[in-house]
Amino acid sequence: MAIIDELRTPLYFAAGTADLAVQQAKKVPGLIEQLAAEAPARIDAVRKTDPKAVQEKVSTQAKEAQATVQSKLAEVVGSLDTDLKKLGETCQDLALRGVGVAAEYAVKAREKYEEVAAHGEEAVKAWRGEVAEEITEIAVVVEPEPEAEAEAEPEAKQDDEPAKPARKAAARKAPAKKTAVAAEKE
């Protein structure tokens, strides 16, 4: 049974991914309408912008970034320890941290994979109509057995009244069978 579950999980993952993609795709028309409403104002703002002002602003930002990078590089080069033993230990420490982070991400990825697979399983059940079938099964389990009611009532009453509850119970079970047959047809 575990092998079957291992084979179903990737399929449920794919179904869950597809279902989540559909949910996100439903949001696209609203985003397009929003962009269409905002586009004229943005285009006008770009047309009214002075190219020289933009060029000056970009060059100022580039000079600041260059100065920052140069100062950080000088700081790093100045602080480098020439002791190779310490540098080797630092490299080893960083490698071990990297392995720990990779293991942590692997665990998180597995958890997310199982979460999407569970979502896919629920989506597949909803597509098949199995969710309604499970509710019907729960209702049948909760209802008392008609034979138990029929046996208990003849002891209390000896007339034809035990037949009426049995008919009601049979009527209750009929929709459950129809639901199961309808689910199988799909």
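Just so it is clear, the model here is predicted, and its values are computed rather than measured. FYI, side chains are in, hydrogens and waters are out, and symmetry mates aren't considered; it's all heavy atoms of this structure.
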Treat each ILVMFWY residue as a node, draw an edge where side-chain heavy atoms are under 4.5 Å apart, and state whether Tyr113 and Val116 are in one component.
->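 Yes, because Tyr113 and Val116 connect within a single hydrophobic cluster, where side-chain heavy atoms sit under 4.5 Å apart.
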Atom [atom1] in [X], atom [atom2] in [Y]: separation rounded to 0.5 Å?
X: Gln61; Y: Glu64; atom1: CD; atom2: CD; value: 7.0 Å
X: Glu122; Y: Asp19; atom1: CD; atom2: CG; value: 11.0 Å
X: Phe13; Y: Lys112; atom1: CZ; atom2: NZ; value: 10.5 Å
X: Gln55; Y: Thr60; atom1: CD; atom2: OG1; value: 10.0 Å
X: Gln66; Y: Gln70; atom1: CD; atom2: CD; value: 5.0 Å

Pair Glu111 + Lys108, salt bridge at N-O below 4.0 Å |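 Result for this pair is no, no salt bridge flagged.
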Residue pair Ser71 / Thr68: nearest heavy atoms and the distance that separates them =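 Looking at all heavy atoms of both residues, the closest pair is OG-O, 2.8 Å.
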Flag if over 12 foreign heavy atoms under 6.0 Å of CD, Gln92 =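 Open: at most 12 neighbouring heavy atoms sit under 6.0 Å from CD of Gln92.
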Could you please spell out the steps behind the salt bridge (Lys or Arg N to Asp or Glu O under 4.0 Å) verdict for Lys48 and Asp44?
-> CA-CA 6 Å; Lys48 293 178 183 176; Asp44 288 340; 5.6 Å; no
Salt bridge (Lys or Arg N to Asp or Glu O under 4.0 Å) assessment of Arg110 paired with Glu114 | CA-CA 6 Å; Arg110 180 66 183 182; Glu114 290 173 354; 3.0 Å; yes
Which atom pairs, one a donor and one an acceptor, fall under 3.5 Å between side chains of residues 25-38 and the rest of the protein, sequence neighbours left out?
residue: Gln34; atom: NE2; partner: Glu38; partner atom: OE2; Å: 3.3
residue: Glu38; atom: OE1; partner: Arg42; partner atom: NH2; Å: 3.4

So do Leu20 and Gln23 actually touch side chain to side chain, heavy atoms under 4.5 Å?
->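 With C-beta onward as the side chain, the pair touches.
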